[in-house]
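Let me begin by presenting the structure, written as structure tokens, before commenting on it.
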Amino acid sequence: MSTLPRSFYLGHDVVRIARDLLGKVVVTRMQDEVTAAAITETEAYAGELDRASHAHGGRRTARTEVMYARGGTAYVYLCYGIHHLFNVVTNEHGTPHAVLIRAAMPLEGMVVMNTRLGREAGHWLKGPGVVSKALGIRTAHTGADLLKGPITIEDRGLRVARGAIIAGPRIGVDFAGPDALLPYRFHIRPSDLR
DNA sequence: ATACCGATTAACT
DNA sequence: GTTAATCGGTATA
């Protein structure tokens, strides 16, 4: 169990980092409640040039400012007034790259997850809103340092089976024109983690 | 100040 | 396949 170092997040290739996050474990420690889940789906948002990104065109607002922080910072925003979507900021300070965590496999704290979800978490948290809800991640956590907590990401030695990664276009970004077709989404099945 | 709408989800028909 | 839920961000005035 080792928390990912700052250098993991400072890389300039957000698409590669999105792929490398598959199999890594998101851990939250909140009020003595520990939950952990292995990432099975991600999407890369490539900053100012990416029409699907909140930071497209260099937009800087109260909400998006945290995207310009250094890699290893949490960006959590409210979508449709209901869902808290968890992103991992990457690249150096000033470059607004981020990776959206869209699905994960529960590893620890299933009882707590069940309570938070109001149902059985099962063996696969599908959808960014569901992942955040199960892990207790909310907009209040935006700006949190992923090297300190309460949210951390660890390498627990899980490896992705060779050839298991599927790349494709991102979900829900039809408004982004040609950028909606970029293969910035990566996913695997929980059974592809060893 | 006001109007519109989204990197979604669950519960419908 | 369709739709309600729910509210902060953003643009427009």
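Residue numbering restarts at 1 for every chain, and letters A, B, ... go by the order of the sequence lines. Remember, it's a predicted structure, so these values are computed and weren't measured experimentally.
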Please report the C-alpha distance between Tyr9(A) and Leu147(A) in whole Å, then the side-chain angles of each, then the deciding distance to 0.1 Å, and finally whether the side-chain contact (heavy atoms from CB on, under 4.5 Å) criterion is met.
CA-CA 10 Å; Tyr9(A) 301 107; Leu147(A) 271 70; 3.7 Å; yes

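Residues forming a salt bridge (Lys or Arg N to Asp or Glu O under 4.0 Å) with Arg63(A) (at least two apart in sequence, or on another chain): none. Scanning for ring pair (Phe, Tyr, Trp, His ring centres under 6.0 Å) contacts around Tyr68(A) gives an empty result, with sequence neighbours left out. Partners of Arg60(A) by salt bridge (Lys or Arg N to Asp or Glu O under 4.0 Å), not counting sequence neighbours, listed by chain and number: Glu65(A). For Glu92(A), the salt bridge (Lys or Arg N to Asp or Glu O under 4.0 Å) test picks out no residue, with sequence neighbours left out.
Residue pairs meeting the side chain to side chain donor-acceptor pair (under 3.5 Å) criterion with at least one member in residues 181-194 of chain A, sequence neighbours excluded, are Glu41(A)-Arg185(A). Sorted by first and then second residue, the salt bridge (Lys or Arg N to Asp or Glu O under 4.0 Å) pairs with a member in residues 109-124 of chain A read Glu33(A)-Arg116(A); sequence neighbours excluded.
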For residues 21-28 of chain A, dump all side-chain donor-acceptor pairs below 3.5 Å to protein atoms at least two apart in sequence or in another chain.
residue	atom	partner	partner atom	Å
Lys24(A)	NZ	Asp20(A)	O	3.0
Thr28(A)	OG1	Thr35(A)	OG1	2.6
Thr28(A)	OG1	Leu135(A)	O	2.9

What pairs of donor and acceptor atoms, side-chain ones from residues 169-181 of chain A against any protein atom, are under 3.5 angstrom apart with sequence neighbours left out?
residue	atom	partner	partner atom	Å
Arg170(A)	NH1	Ala44(A)	O	2.9
Arg170(A)	NH1	Asp50(A)	OD2	2.7
Arg170(A)	NH2	Asp50(A)	OD1	3.1
Arg170(A)	NH2	Asp179(A)	O	3.1
Asp179(A)	OD2	Arg51(A)	N	2.8

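Using a 4.0 Å heavy-atom cutoff across all strands shown, Phe175(A) reaches sugar-phosphate atoms only and no base atom.
Using atom P as the reference point in both dT2(B) and dT6(C), the two lie 23 Å apart (nearest Å). Nucleotides dG1(C) and dA7(B), compared at atom C1', are 22 Å apart to the nearest Å.
Linking Ile, Leu, Val, Met, Phe, Trp and Tyr whenever their side-chain heavy atoms come within less than 4.5 Å puts Ile39(A) and Val88(A) in one cluster.
A 4.0 Å heavy-atom criterion places the boundary nucleotides of DNA chain B facing chain A at dG6(B) to dA10(B), written 5' to 3'.
A heavy atom lying under 4.0 Å from DNA chain C marks none of the residues of residues 107-141 of chain A.
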Nucleic acid footprint by protein, nucleotides 6-13 of chain C - heavy-atom cut-off 4.0 Å, B for base, S for sugar-phosphate alone
BB-SS---

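Of the possible polar contacts, none joining the Thr64(A) side chain to the Ala55(A) backbone as a donor-acceptor pair under 3.5 Å is found.
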With both pairing distances under 3.5 angstrom for Watson-Crick or G-U wobble, and | for a partner in another strand, the correct string for DNA chain B is ||||||.|||||.

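Within a 6.0 Å sphere centred on CG of Leu49(A), heavy atoms belonging to other residues, nucleotides or ligands number 12 at most.
Put simply, CD1 on Ile165(A) and CD1 on Ile188(A) are 7.0 Å apart, with the number rounded to the nearest 0.5 Å.
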